[in-house]
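Only heavy atoms go into these numbers, but all of them, side chains included; no hydrogens, no water, no symmetry mates.
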Amino acid sequence: MDEVFRALADPTRRSLLDELFKADGQSLTTLEQRLPMTRFGVMKHLRVLEEAGLVVTKRRGREKLHFLNPVPIRLVHDRWVSKYAEPWAAALSGLKTTLEGATMEKVFEVLIRTTPEHLWEAIADSEIRKQYSFNPPPDLEGEFATSETVEEEPPRRLVQTMKALWSPEVASYPATTITYEIEPRGDLCQLRVTHSGLTEAMSAEIWGGWPMILSSLKSLLETGESLNLKIPQEAIDQWRAEKDAAGTAA
C-alpha cells in the first residue's frame, strides 16, 4: 500500500484523480488541457497513479483512455477505516459520477494472491460468489437481479449481462455488461472488472458496490474469510415497500 499513499501525497496527482472522478475514461490530451502543466508532466504523474493501481487504462481505437480505479482506496478503507465507519455509505459517497454521453463504463482492478483457476472458480461459481458479495434476503433473491453468461474463456475471461430488479427504478434500466479479465502476475493474479452499458441516469447502486465486492473477494481468497458484506436493512425495507407499492398500483 506504500505506492497508494505515495501517489496520493502529491496534490497534482490528487487533481488528476479529481478530474477522472468528474469524467471517467479521459485521454491524455484531454487531461493535459485540464491541468496547468506540460504533456510530459501529466504523463509522469499518470504513470505513478497507474503503478499504484489508482488509474487503469484501456485502448479505444487510437486513444488510450484513463479510468479512476477506487479499489486500492477501498482496500485502505477496509484495513483501517471500516473498523470505525459504515462501509456501504463510505463507498457510495465517493463513487458518484457525472459522465456525459449515452453510455459509459467503469473499470476496476485488484491484485489477488491466488491462481487463475481459483480466481476463475470464485467469479464463475454462483455459490462461491455469495460468500463475498451482497446477498438479498430470501424473499427478494429471485427478483433481485438476473444474469446471463455470454462469453467464457476459462480461466481468463468471463462476460455476463446483468439486469437489476431490486426496485422499480433499477428495473427500468436496460441490462448492463460485466467483463471479468484474469491476468497472472507471478504468484498474483490481476482481476480487471469492466462494467459497461451504464448511463448517467442510472443509480450508483448499479455499480457502486464493486470496490467492496472486490475487496471482499481478495480477503476470501487470501485469508479464507470474506468481509461479510451486508445490504443495509433500510435499503431492503425500501425495496420491499416499492415492490408492494408497484404491485398495488398494478
Side-chain angles (χ1 to χ4, degrees), residues 1 3-8 10 12-35 37 39 41-77 90-112 123 156-160 162 176-183 185 188-215 217-218:
M1 294 184 179
E3 294 86 355
V4 175
F5 288 116
R6 181 169 69 90
L8 293 174
D10 186 272
T12 299
R13 291 194 282 271
R14 293 197 299 271
S15 295
L16 278 167
L17 294 177
D18 286 340
E19 292 300 328
L20 292 175
F21 171 78
K22 296 173 185 175
D24 222 350
Q26 296 189 56
S27 66
L28 172 61
T29 300
T30 303
L31 289 170
E32 177 190 0
Q33 294 171 350
R34 298 181 185 276
L35 295 175
M37 65 171 55
R39 184 180 184 87
V42 175
M43 290 175 61
K44 181 178 177 181
H45 285 297
L46 283 173
R47 189 179 304 115
V48 174
L49 291 170
E50 285 188 61
E51 291 173 352
L54 292 165
V55 167
V56 296
T57 61
K58 287 189 68 176
R59 286 283 180 183
R60 183 172 297 161
R62 296 183 178 180
E63 286 190 315
K64 181 180 181 182
L65 303 183
H66 300 78
F67 293 83
L68 170 65
N69 179 32
V71 176
I73 298 175
R74 183 71 219 180
L75 294 174
V76 172
H77 177 275
L92 292 186
S93 67
L95 290 174
K96 187 173 176 60
T97 186
T98 55
L99 267 180
E100 297 179 354
T103 62
M104 64 183 185
E105 61 185 12
K106 300 295 292 183
V107 183
F108 307 91
E109 281 187 357
V110 63
L111 286 172
I112 303 176
I123 64 175
R156 299 287 193 229
R157 177 180 169 90
L158 177 67
V159 182
Q160 296 181 324
M162 190 272 284
T176 57
T177 301
I178 302 168
T179 301
Y180 304 85
E181 296 171 293
I182 299 172
E183 181 180 341
R185 296 283 185 88
L188 302 173
C189 281
Q190 176 184 282
L191 174 62
R192 170 179 285 196
V193 176
T194 303
H195 199 157
S196 56
L198 303 169
T199 68
E200 182 180 351
M202 287 183 177
S203 167
E205 293 176 9
I206 298 293
W207 52 269
W210 278 116
M212 289 173 283
I213 292 171
L214 295 182
S215 180
L217 170 61
K218 178 180 174 70

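Across Thr30 and Ser27, no two heavy atoms sit closer than the pair OG1-OG, 3.0 Å. Smallest separation of non-hydrogen atoms from Tyr180 and Val193: CD2-CG2, 3.8 Å. Among all heavy-atom pairs drawn from Leu49 and Ala7, the shortest one is CD2-CB, 4.0 Å. Nearest heavy-atom pair, Leu214 versus Phe108, reported as atom, atom and distance to 0.1 Å: CD1-CB, 3.7 Å. Of all heavy-atom pairs spanning Pro72 and Ala52, the tightest one is CG-O, 3.9 Å. For Phe67 against Leu20, the heavy-atom pair with the smallest separation is C-CD1, 4.2 Å.
Across His66, Arg34, Glu32, a single residue satisfies side chain to side chain donor-acceptor pair (under 3.5 Å) together with Gln26, and that is Arg34. Partner of Thr176 under the side chain to side chain donor-acceptor pair (under 3.5 Å) criterion, chosen from His195, Lys106, Gln160: His195. Screening Asp10, Leu35, Leu31 for a side-chain contact (heavy atoms from CB on, under 4.5 Å) with Ser15, the sole residue that qualifies is Leu35.
A donor-acceptor pair under 3.5 Å is absent between the side-chain atoms of Asn69 and the main chain of Val56, judged by distance alone. With hydrogens and angles ignored, the 3.5 Å screen pairs a side-chain donor or acceptor of Arg14 with a backbone N or O of Leu8.
In this structure the side chain of Lys64 never reaches within 4.5 angstrom of the side chain of Leu28, judged on heavy atoms. Proximity of Leu46 to Leu16: side-chain heavy atoms (C-beta onward) are separated by under 4.5 Å at one or more points. With contacts defined as side-chain heavy-atom distances shorter than 4.5 Å, the pair Thr199/Met104 does not qualify. For the pair Trp210/Ile178, a side-chain contact is recorded, criterion being any heavy-atom separation below 4.5 Å from C-beta on. Between Leu191 and Leu217 there is a side-chain heavy-atom pair separated by less than 4.5 Å. Lys58 has its side chain within reach of Thr194: a pair of non-hydrogen atoms, C-beta onward, lies under 4.5 Å apart. In this structure the side chain of Met162 never reaches within 4.5 angstrom of the side chain of Thr177, judged on heavy atoms. Leu65 is not listed as a side-chain neighbour of Thr57, based on a closest heavy-atom distance of 4.5 Å or more.
With salt bridges taken as basic N to acidic carboxylate O contacts below 4.0 Å, one links Glu183 and Arg185. A salt bridge is defined here as a Lys NZ or Arg NE, NH1 or NH2 lying under 4.0 Å from an Asp or Glu carboxylate O, and Arg60 with Glu105 meets this definition.
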Step-by-step salt bridge (charged side-chain N to carboxylate O under 4.0 Å, His left out) determination, Glu3 to Arg6: CA-CA 5 Å; Glu3 294 86 355; Arg6 181 169 69 90; over 6 Å; no
Mind running side-chain contact (heavy atoms from CB on, under 4.5 Å) on Val71 and Glu109 for me, showing each step along the way? CA-CA 7 Å; Val71 176; Glu109 281 187 357; over 6 Å; no
If you apply the rule side-chain contact (heavy atoms from CB on, under 4.5 Å), what do you find for Gln190 with Ile112, and how did you get there? CA-CA 6 Å; Gln190 176 184 282; Ile112 303 176; over 6 Å; no
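Contacts classified as side chain to side chain donor-acceptor pair (under 3.5 Å) and involving residues 44-55 (residues at least two apart or in different chains) are given here: Arg13-His45.
Distance check, rounded to the nearest 0.5 Å: OG of Ser215 to CG of Leu75 gives 4.5 Å.
A 6.0 Å sphere centred on CE of Met37 holds more than 12 heavy atoms belonging to other residues, nucleotides or ligands.
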